Enquirer: 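This is the structure I have questions about; it appears just below.
Treat the numbers as computed from the prediction; the structure is a model and nothing was measured.
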Amino acid sequence: MKSILIVLREQLNHFYLVRRLSMYDVKSKNQNNYLGTVWEILTPLISILIYWFVFSTLRKREPIEMGGEEVPFFFWLFVGFILWTFFFQGTVQASKSIYTRLKLLSKMNFPLSLIPNIAIFSKFYTHIIMLGIVFIVFQLAGYYINIYYLQLPYFIFGTYALVFSFSLITSTLSTLVRDVHMLLSSLLRMGLYLSGVLWPLSLLSDFPLLMQLMRLNPLVYLIEGYRSVFFGTEWYLVTHWELTLYFWSLIFVILAIGSILHVKFRRNFIDYL
């Protein structure tokens with residue numbers, strides 16, 4: 001518990017620094033491109049169009065049932081994919097954030113726990129912009145703003161909490177053993193197909209045990225929550241209160257493990273250069 005308080009206090013006390021350095025990180029990565037930071041938006045949009053073309057045109061994916069009504073596959077995919085994109089990019093960038101900047105960090109005086117958060121925050125800007133694009137697209141498509149949008153800040157916070165907590169573990173282990181980052185990237189790409197992003201879990205209705213196991217994936221909880229907001233189907237965090245309790249219990253465990261590992265090993269990070 002002490003390690004958790006140390007890490008969280010560092011984030012709160014240096015929030016301004018996290019926000020400022022993350023903005024610099026976004027600009028510096030795209031300064032040599034003609035379109036600059038626009039690529040941060042174009043890249044996920046192009047990926048969404050590719051998956052939509054493959055699964056909706058070539059594979060003839062049928063509309064998905066949401067709240068007793070059928071919704072076009074493209075809109076269903078759109079919502080899930082933007083969350084997955086933030087999770088994937090934020091986790092991958094944060095996992096290598098410490099060891100790629102270790103020489104620079106050894107000459108600076110601020111908590112090392114800020115480094116993964118800076119990498120995550122730089123991707124969070126894109127996520128918020130993408131949510132704005134989804135909102136506009138859904139209004140034009142006839143899925144108007146509804147009372148369930150009040151859940152959106154909750155699910156955004158939950159997504160950030162998951163990425164940050166998980167990244168404390170991966171960034172520490174990646175600094176100690178470089179192979180962890182390579183393994184993580186491969187596993188996360190595989191996770192795209194196990195998180196309900198490209199296909200609905202209802203396809204497993206004939207295998208109830210397997211479907212319940214799939215729901216233990218915290219990303220499934222967040223993705224389904226996002227969809228319930230934009231399609232206006234239900235108060236997901238209340239209707240599925242068991243999953244809500246499970247999700248936050250899991251976040252606490254992951255955060256505790258990540259905080260303990262980070263606080264224990266960060267004084268020795270320079271030894272692993």
Enquirer: To the nearest 0.5 Å, how far apart are CD1 in Ile120 and OG in Ser167?
Expert: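 Taking CD1 in Ile120 and OG in Ser167, the distance rounds to 4.0 Å.
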Enquirer: Using side chain to side chain donor-acceptor pair (under 3.5 Å) as the criterion, list what pairs up with Gln151, not counting sequence neighbours.
Expert: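 Result, side chain to side chain donor-acceptor pair (under 3.5 Å) vs Gln151: none returned.
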Enquirer: Between Arg227 and Trp76, is there a donor-acceptor pair closer than 3.5 Å when you use the side chain of the first and the backbone of the second?
Expert: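 It does hold such a pair.
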Enquirer: For a 4.5 angstrom cut-off between non-hydrogen side-chain atoms, does Met130 reach Phe78?
Expert: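 Side chain of Met130 against side chain of Phe78, heavy atoms only: contact under 4.5 Å found.
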Enquirer: Phe121 vs Phe15, test: ring-ring contact (aromatic ring centres under 6.0 Å, His included). Steps then yes/no.
Expert: CA-CA 10 Å; Phe121 216 86; Phe15 178 74; 5.8 Å; yes
Enquirer: Do Gln93 and Ser122 have side-chain N/O donor and acceptor atoms under 3.5 Å apart?
Expert: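 Ser122 and Gln93 do not have a side-chain donor-acceptor pair below 3.5 Å.
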Enquirer: Backbone N or O of Phe88 within a donor-acceptor pair of the Thr91 side chain at under 3.5 Å?
Expert: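 Not a single qualifying donor-acceptor pair exists.
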Enquirer: What's the separation between atom CD1 in Ile257 and atom OG in Ser3, rounded to the nearest 0.5 Å?
Expert: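 Atom-to-atom, Ile257:CD1 and Ser3:OG are 12.0 Å apart.
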Enquirer: Hydrophobic side-chain clustering at under 4.5 Å (ILVMFWY, transitive links): who's grouped with Trp241? Put none if nobody.
Expert: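 For the cluster that includes Trp241, the remaining residues are Leu245.
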Enquirer: Are Tyr193 and Phe81 joined in one hydrophobic group, where the rule is that I, L, V, M, F, W and Y side chains link up if heavy atoms are under 4.5 Å apart?
Expert: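 Yes, Tyr193 connects to Phe81 through the hydrophobic network.
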Enquirer: Going by the side-chain hydrogen bond (donor to acceptor under 3.5 Å, both in side chains) test, which pairs reach into residues 210-219, not counting sequence neighbours?
Expert: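 Every pair satisfying side-chain hydrogen bond (donor to acceptor under 3.5 Å, both in side chains) with a residue in residues 210-219: Ser195-Asn217.
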Enquirer: Are Phe230 and Leu131 side-chain neighbours, meaning at least one heavy-atom pair lies under 4.5 Å?
Expert: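 Sidechains of Leu131 and Phe230: in contact.
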Enquirer: Any side-chain heavy atom of Glu234 sitting closer than 4.5 Å to one from His240?
Expert: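 Heavy-atom side-chain distance check passes, below 4.5 Å.
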Enquirer: For the side chain of Ser228 and the backbone of Gly225, is there at least one donor-acceptor N/O pair under 3.5 Å apart?
Expert: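 Present.
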Enquirer: Working to the nearest 0.5 Å, report the span between CG of Leu222 and CD1 of Ile156.
Expert: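 So the CG of Leu222 and the CD1 of Ile156 are separated by 11.0 Å.
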Enquirer: Can you tell me how far CZ of Phe87 sits from NZ of Lys123, rounded to the nearest 0.5 angstrom?
Expert: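 One gets 15.0 Å once the value is rounded to the nearest 0.5 Å.
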Enquirer: Check whether His262 reaches the backbone of Ser113 with its side chain - one donor and one acceptor, N or O, closer than 3.5 Å.
Expert: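 Yes: the side chain of His262 pairs with the backbone of Ser113.
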Enquirer: Side chain to side chain contact (heavy atoms under 4.5 Å, CB included) with Arg20: which residues, sequence neighbours excluded?
Expert: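 Result, side chain to side chain contact (heavy atoms under 4.5 Å, CB included) vs Arg20: Tyr16.
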Enquirer: Quick one: OG1 on Thr244 to CH2 on Trp235, what's the gap to the nearest 0.5 Å?
Expert: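 One gets 13.0 Å once the value is rounded to the nearest 0.5 Å.
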Enquirer: To the nearest 0.5 angstrom, please state how far the CG atom of Leu216 sits from the CG atom of Leu243.
Expert: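 So the gap between those two atoms works out to 8.0 Å.
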Enquirer: Just wondering, do Val79 and Val134 contact through their side chains at under 4.5 Å, heavy atoms?
Expert: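 Val134 vs Val79: side chains touch.
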Enquirer: Is any side-chain heavy atom of Phe164 less than 4.5 Å from a side-chain heavy atom of Leu255?
Expert: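 When only atoms from C-beta onward are counted, Leu255 and Phe164 do touch, with a gap below 4.5 Å.
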Enquirer: Describe, in one word, how the ring planes of Tyr236 and Tyr221 are oriented to each other, choosing from parallel (under 30°), tilted (30 to 60°) and perpendicular (over 60°).
Expert: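 If you compare the ring of Tyr236 with that of Tyr221, the planes turn out tilted.
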Enquirer: Sequence neighbours excluded, which residues qualify as side chain to side chain donor-acceptor pair (under 3.5 Å) partners of Tyr160?
Expert: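 Tyr160 satisfies side chain to side chain donor-acceptor pair (under 3.5 Å) with Asn117 only.
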Enquirer: Would you tabulate the side-chain donor-acceptor contacts of residues 137-148 under 3.5 Å, counting partners in other chains and residues two or more places apart, or write 'none'?
Expert:
from, atom 1, to, atom 2, distance (Å)
Gln139, OE1, Ile145, N, 3.1
Gln139, NE2, Tyr143, O, 3.2
Asn146, OD1, Tyr148, N, 2.8
Asn146, ND2, Tyr144, O, 3.3
Asn146, ND2, Val229, O, 3.3

Enquirer: Does His14 use its side chain to pair, donor to acceptor, with the backbone of Glu10 at less than 3.5 Å?
Expert: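 Flag set: sc His14 to bb Glu10 pair under 3.5 Å.
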Enquirer: Check whether Val197 and Leu188 end up in the same hydrophobic cluster, where Ile, Leu, Val, Met, Phe, Trp and Tyr are linked by side-chain heavy atoms less than 4.5 Å apart.
Expert: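 Result: yes, single cluster for both.
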